[in-house]
Amino acid sequence: NQKLGYTNNQLLIIYQSRQLNAESSSFNDKINQSLRGLKNYPIKHDILLPGSNKKQISKDKHTAYAVIIFKNKEPLSSKQLNEIKSLIKTPKKMTLKFGGEPVFIDGLNVQTQKDLSRADIVAAPVSIITLILIFGSVIAAVVPIILGASCAMLILVGLYLFAHAFTLSIFTLNIALLLGLCLNLDYALFMISRFREELKQDKSVPDAIAITLATAGKSVFFSGLAVFASLSALLFFPVNILFSVGVGGLTAVFISVLIAIIILPAVLSVLGTRINQLPVRLFKPRKDCTSPTWHWIAFHVIKRPMLFFITALIILLLLGSPFLNAHIGVSDEHILPEHSASRVFFDTYEKEFNKHDLTPIRLVVSTNDGSILSSRNIARLYDFAKQLKTNSAISSINSIVTLKPALSKAQYQMLYNSSKRYDDPSIKTLLKTTTSKQFTVIDVISKYGANSSENIELIKQLRSMQPGKGLTLQVTGLYVTNQDVLESIAQVFPYAITWIIGLTYLILLILLRSIFLPVKAILMNILSLCASYGVLVFIFQEGHFHQLLHFSPQHIVDVSLMVIIFCALFGLSMDYEVFLLTRIQESYLRYKDNNRSIIYGIEHSSRIITSAALIVIVICASFMVADVLMVKEFGLGIAAAITVDAFLVRSLLVPATMALINQWNWYLPKWLDKILP
């Protein structure tokens, strides 16, 4: 495309009229008048009119589309796109619909920004009310909100700076802010609750700050390390959206941890005992900061660990079971809501034309044997096109040797080696947009969708074909790019998993001084992930509740989303694991009693863990109001996993497992203890 002077800056305009026939001269005249304003537009372009290509006219003869190909190496900006649209006039008795990659990307950017604002409107008030209920103090509730707003601003500044060095996906903004807010609120809850707990035990403010940093602060630091390690795996993937989210996620984690262990202690030092001012008491607070409810739950779990272990495991496996039927693919136009301009264009095109015409498989046939238009190369191309037509998976072929089916091989040879080829405007335009001196582009239209097994097999067959002596073949196009994305992710994913699990194990080994607890933590995270994936498949692939949640099922789960959720959730879930296990470890180091330590850890941390999880669930669920499907999926996937993680895994499965393992929880060889930092 770049050698021909074109990129993907192709604008498609659908013209519809109930009265006029698309093959009539008046219909074509109106299209020409509509596009007349582009005549002096500074970016060079070519216009492919329906009058010169019957495939651009619908079967009912009342719809046609024009293609504008802009000779611009850089993608069209939103400003340029609006300028172009303003120059194209809507003819009388006609309707216009704009489509193409520039319109799709612009619509995605605009919709993503709207979704972010709508999510904030939902999440902010609910989070404030929840924090007031958790802390029972307006001052204590306001601190995390102010820090969260500061965290969001710093993340935006960081992403702005990184955007000058890297090309970042639009989804980076939503996902980085979501991760940053969730982590910031989690860390603030852990720190503030521990600080207030120490104040209740009549500690001075300096002592309370010191103990808070030595306990909750330490947990926050190691939790941040675990999240950082998980998200850093996204940088391994040679896919822009994954790399972008990796950059955004790492920025969010870094800023959240810095705020929690540097800025928050300073704020708490200034506030001191005033952190409890403006009380809002719905329940009478306890002096010792324990929870009778959680004590009762922990006691009964410890009493019958096998029963709770098996019950929790069965529930998790049932939630994750739909994942066994997952179809992994790459998202298409259904990522946008039905009311968006791009989606309306796609739906109209699909109704009136063959939708696969928009996404051809492009075969670039090159030669080093003279010109691609020489008689011998035209003969080779003709034979190659004839061979392609025998493939049952191919719907049609568009090339310089299939333009006019009635022409024979010899006639094509004569046509392209005489000056008469320039007399026909359709041939002139075709050569201009598909052919250079040493190569030509053949568009193959598949009968099947991008994520179908038939299409994957067709791409393999095309790549293995030989176009003829002296010719070389390269296969490209959207379908091929999607397949390359799937294959590259599949190749890198095992290394990313190894990186995440290896680093997480090492971080937890240093923190918990145990061989088995890090293994247990990793296995628990994997169970939470499987449950999240199962919910995603059940809802977004199989389409359950799609009317209630306002989306169109894609019948696949996006591969990039699966990777992002894996890396993000593995880190986020570790927050609660670290906080719970450090409280249990704190008791075990004092009393050397496994079961007593489990009960202590549960009753001292589960209330704040479930409270933190509740806020994260609210924030993530607020992204369900998004119209962009990928943002909606990410919000639900995280919310589902955190719900399972906080209310089932940490509350029942973790204590049951630790009770069953008993003293082995704390096993660490002496030689290893000596070399660990």
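FYI, the numbering just counts along the sequence from 1.
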Side-chain donor-acceptor pairs of residues 668-676 under 3.5 Å, sequence neighbours excluded:
unit_1	atom_1	unit_2	atom_2	d
Asp673	OD1	Arg513	NE	3.4
Asp673	OD1	Arg513	NH2	2.9

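Annotation for Phe221: atom CZ does not count as buried by contact number, only 12 or fewer foreign heavy atoms lying within 6.0 Å. Heavy-atom neighbours of Phe647 CZ from other residues, nucleotides or ligands within 6.0 Å: above the threshold of 12. Residue Phe162 places its CZ atom among 12 or fewer non-hydrogen atoms of other residues, nucleotides or ligands, all under 6.0 Å distant.
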Intermediate values then yes/no, side-chain hydrogen bond (donor to acceptor under 3.5 Å, both in side chains), Glu198 and Thr212 = CA-CA 8 Å; Glu198 297 304 324; Thr212 298; over 6 Å; no
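Contact annotation: the side chain of Asp115 never approaches that of Val625 to less than 4.5 Å [non-hydrogen atoms, C-beta and beyond]. Using a 4.5 Å cut-off on side-chain heavy atoms (C-beta onward), Phe540 and Leu636 make contact. Here the side chains of Phe171 and Val628 are in contact, with some heavy-atom distance below 4.5 Å. Residues Ile661 and Leu517 are not in side-chain contact: their nearest non-hydrogen atoms beyond the backbone lie 4.5 Å or more apart. Leu234 places a side-chain heavy atom less than 4.5 Å from the side chain of Val563. You'll find the side chain of Ile489 reaches within 4.5 Å of the side chain of Leu242, heavy atoms only. With a 4.5 Å cut-off on side-chain heavy atoms, Asn174 and Met630 do not count as touching. Inter-residue side-chain proximity for Ser331 and Gln554 is flagged as met; some heavy-atom pair is nearer than 4.5 Å.
For the side chain to side chain donor-acceptor pair (under 3.5 Å) test, no residue two or more places apart in sequence or in another chain qualifies with Ser573. With sequence neighbours left out, the side chain to side chain donor-acceptor pair (under 3.5 Å) criterion links Ser232 to Trp499. In terms of the salt bridge (Lys or Arg N to Asp or Glu O under 4.0 Å) criterion, Glu454 has no residue partners (sequence neighbours excluded). Asp332 pairs by the salt bridge (Lys or Arg N to Asp or Glu O under 4.0 Å) definition with nothing, not counting sequence neighbours. Partners of Phe222 according to the ring-ring contact (aromatic ring centres under 6.0 Å, His included) rule, which considers only residues two or more places apart in sequence or in another chain, do not exist here. Partners of Phe545 by ring-ring contact (aromatic ring centres under 6.0 Å, His included), not counting sequence neighbours: none found. Applying the side-chain contact (heavy atoms from CB on, under 4.5 Å) rule to Asn451 yields the partners Val330, Ile556; only residues at least two apart in sequence or on another chain are considered. Judged as a side chain to side chain donor-acceptor pair (under 3.5 Å), and not counting sequence neighbours, Asn482 has no contacts. By the side chain to side chain donor-acceptor pair (under 3.5 Å) test, His544 is found to be paired with Glu542, residues two or more places apart in sequence or in another chain being considered. Residues meeting the ring-ring contact (aromatic ring centres under 6.0 Å, His included) test with His300, sequence neighbours left out: Trp296. By the salt bridge (Lys or Arg N to Asp or Glu O under 4.0 Å) test, Lys520 is found to be paired with Glu577, residues two or more places apart in sequence or in another chain being considered.
Using a 4.0 Å cut-off between charged nitrogen and carboxylate oxygen, Arg607 and Glu197 do not count as a salt-bridge pair. A salt bridge is defined here as a Lys NZ or Arg NE, NH1 or NH2 lying under 4.0 Å from an Asp or Glu carboxylate O, and Asp627 with Arg118 meets this definition.
Side-chain atoms of Asn594 and Asn665 form a donor-acceptor pair, as typed in the model, at a separation below 3.5 Å.
Note: Trp666 and Tyr588 have parallel aromatic rings, judged against thresholds of 30 and 60 degrees for the angle between ring planes. Under the 30°/60° scheme for interplanar angles, the aromatic rings of Phe190 and Tyr187 are found to be tilted.
Heavy atoms only, all atoms of each residue included: Ala568 and Leu179 are closest at CB-CD2, 3.9 Å. The two residues Gln541 and Pro553 make their nearest non-hydrogen contact at O-CB, 4.4 Å.
Under the 6.0 Å cut-off for aromatic ring centres, Phe243 and Phe166 qualify, their centroids lying closer than that. Taking the six-membered ring for Trp, Tyr600 and Tyr591 have ring centres at least 6.0 Å apart.
Side chain of Ser219 to backbone of Thr215: a donor-acceptor contact under 3.5 angstrom is found. A distance-only check finds a donor-acceptor pair linking the side chain of Ser150 to the backbone of Ile146 [under 3.5 Å]. With hydrogens and angles disregarded, no donor-acceptor distance shorter than 3.5 Å links the side chain of Thr504 to the backbone of Ala226.
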